[in-house]
Peer 1: 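One structure, as structure tokens, below. Some questions next.
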There are 2 protein chains.
Amino acid sequence: MPRRVDHAERRTEIAEALVRAAGRLGLHAVGMRDVAAEAGVSLRLVQYYFESKEKLLLFGLRHLTERFAQRVAARVAAAGADPGARAVIEALLAAALPVDAESRTFHHLYTSYAVLAVTDEALAAQPFIKDPDSAEDTVAGLLRQAAEQGELRPGVDPRAAAAGLLSLSAGLGTSVLVGQRSAESATGVLAHQLDLIFQPAK
Amino acid sequence: MPRRVDHAERRTEIAEALVRAAGRLGLHAVGMRDVAAEAGVSLRLVQYYFESKEKLLLFGLRHLTERFAQRVAARVAAAGADPGARAVIEALLAAALPVDAESRTFHHLYTSYAVLAVTDEALAAQPFIKDPDSAEDTVAGLLRQAAEQGELRPGVDPRAAAAGLLSLSAGLGTSVLVGQRSAESATGVLAHQLDLIFQPAK
DNA sequence: ATCTTCGTGATACGACCGTACCATGATGGT
DNA sequence: ACCATCATGGTACGGTCGTATCACGAAGAT
């Protein structure tokens, strides 16, 4: 049956199996055999499409971040045409909160990768650390724009406020993930933070 | 030379070896043999004082959080007698930022444990999740007190602001840990956040 | 029609890990 | 003075993990 096969597609399927398995077992505990079983292929095939576990992990990380970026973009787009800056930011940050299974898995695995990156230089060199930076640029741009229209409270620095919002969202995500805080509570805290930044609606 | 030995002390020594080794290799990569070598004892002894790796890990977590709580308390105390609420909060949160080796290790390992807790129910049941809650209570109390003295900006909810500060601090810590943000930048963001909450100094 | 290359399977190998087992001085109680 | 117990060392065992090896059928190229 060995027809010619689309490697890129196959690699994507396996990467998604990795994400599913790692979401269930934890990234630290997932092995090549688990990924193979999850993808419904033999161990050999996982080796064939990714030469080593390290390559698989790296590809899985890229896949994970790309999927998530698409999700966030879709949520922002769903917020409607030209909503206010606050609405866009709220949609963006709310999409990142681990309130459903997909987002939970993302948070779980992204944090796992971040921890690994502390001691693994190959991961540390990976550009996945830059994704938050670009998100921060986006939010800072929105805030600057809002500031020009007088929508922000006095004394708010767009750059610092953007950094604060992103870090706040990340921290909230972790606390929701480990069950310390409920999703509703987290969105409430987020809204309160936006209240501190934006002028009250007139 | 087997004199009678203080078990509690020995266990603490080994737990500290665990923390050092895990800080260097990553919690996922540290084994009993690594801990033994780091502590300068034989593998057998680690087994002797902790019957299993799980017990060792659990004890290590407790030790880690206790040490860190002491550190934070010391920093707060060093802030001087009866400083303002803002100064206390700033000292508390700044002490938690991973700016030196000890705090970096704490953040690294605490996050590692948190990730493990997502898939390990023994860890999830551990009360280490409650530590942030008590910190939040402390900060909320300080904010409430400040609110009564009119030191907060109007519309600030002490509870939500406290939760926001803690989450912000945690998120900042992670970004500093992975090298996305500098320590100075993080303290700046933290200060800006406090500016959003507290009235400007008169 | 043959041959090379591709996709796939099964399985083996070496390393490491947590744990268990056996041995043995030293010590303190009586 | 003896003996049970404590602290410690050495080492072996079973399992798993990532990787490498061997094998083979099917398809496209020539």
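The chains referred to below are lettered A, B, ... by the order of the sequence lines, with proteins before strands, and numbering in each begins at 1. Owing to the predicted nature of the structure, the values given are computational and were not obtained by experimental measurement.
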Peer 1: Please give, in whole Å, the distance from D/dT19 C1' to A/Y49 OH?
Peer 2: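 Going from A/Y49 (OH) to D/dT19 (C1'), I get 19 Å.
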Peer 1: Check whether A/F106 forms a cation-pi arrangement with A/R67 (NZ or CZ under 6.0 Å from the six-membered ring centre, at most 45° off the ring normal).
Peer 2: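 Here A/R67 fails the 6.0 Å and 45° test against A/F106.
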Peer 1: Rounded to whole Å, please give me the gap between CZ in A/F50 and P in D/dT19.
Peer 2: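 In whole Å, D/dT19 P lies 13 Å from A/F50 CZ.
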Peer 1: Nearest-Å distance, CG (B/D6) to C1' (D/dA7)?
Peer 2: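 Rounding to the nearest Å, CG of B/D6 and C1' of D/dA7 are 14 Å apart.
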Peer 1: Rounding to a whole Å, what distance do you find between A/M32:CE and C/dC13:P?
Peer 2: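 A/M32 atom CE is separated from C/dC13 atom P by 21 Å.
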Peer 1: Output the rounded distance in Å from CD (B/Q47) to P (C/dC21).
Peer 2: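 Whole-Å distance recorded here is 11 Å.
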Peer 1: In whole Å, I'd like the distance from the CG atom of A/L57 to the P atom of D/dC17.
Peer 2: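 A/L57 atom CG is separated from D/dC17 atom P by 14 Å.
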Peer 1: Could you tell me whether A/R71 and A/D100 make a salt bridge, using a distance below 4.0 angstrom between a side-chain N and a carboxylate O?
Peer 2: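 So A/R71 pairs with A/D100 through a salt bridge.
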Peer 1: Let me know the distance between CG of A/D34 and C1' of D/dG18, rounded to the nearest Å.
Peer 2: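 The distance from CG of A/D34 to C1' of D/dG18 comes to 12 Å, rounded to the nearest Å.
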Peer 1: Has B/R11 got its NZ or CZ under 6.0 Å from the middle of the six-membered ring of B/F59, at an angle within 45 degrees of the ring axis?
Peer 2: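 Judged by the rule (NZ or CZ under 6.0 Å from the ring centre, within 45° of its axis), B/R11 counts as positioned above B/F59.
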Peer 1: I want to check one thing: is the phosphate of C/dC6, taken as OP1 and OP2, less than 4.0 Å away from some side-chain N or O of A/H7?
Peer 2: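 Answer is no, no contact under 4.0 Å.
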Peer 1: Whole angstroms only, please: what is the CG-P distance between B/L43 and D/dT8?
Peer 2: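 It works out to 14 Å between those atoms.
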Peer 1: Which listed nucleotide (C/dG7, D/dT19, C/dG9) is nearest to the side chain of A/K53?
Peer 2: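 Selected nucleotide (nearest to the side chain): D/dT19.
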Peer 1: For D/dT8, does OP1 or OP2 lie under 4.0 Å from any side-chain N or O of B/Y48?
Peer 2: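 Negative; the distance criterion is not met.
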Peer 1: Closer than 4.0 Å, any side-chain N/O of A/R33 to the OP1 or OP2 of C/dA10?
Peer 2: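 Indeed not, no polar side-chain atom of A/R33 lies that close.
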Peer 1: Does the side chain of B/E151 pick up a donor-acceptor pair with the side chain of B/Q145 at under 3.5 Å?
Peer 2: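 There is no such pair (donor and acceptor under 3.5 Å, judged by atom type) between the side chains of B/E151 and B/Q145.
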Peer 1: So, does the side chain of B/R44 form a donor-acceptor pair with the base of C/dT19 at under 3.5 Å?
Peer 2: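 Looking at the base of C/dT19, it does not pair with any donor or acceptor on the side chain of B/R44 (distance under 3.5 Å).
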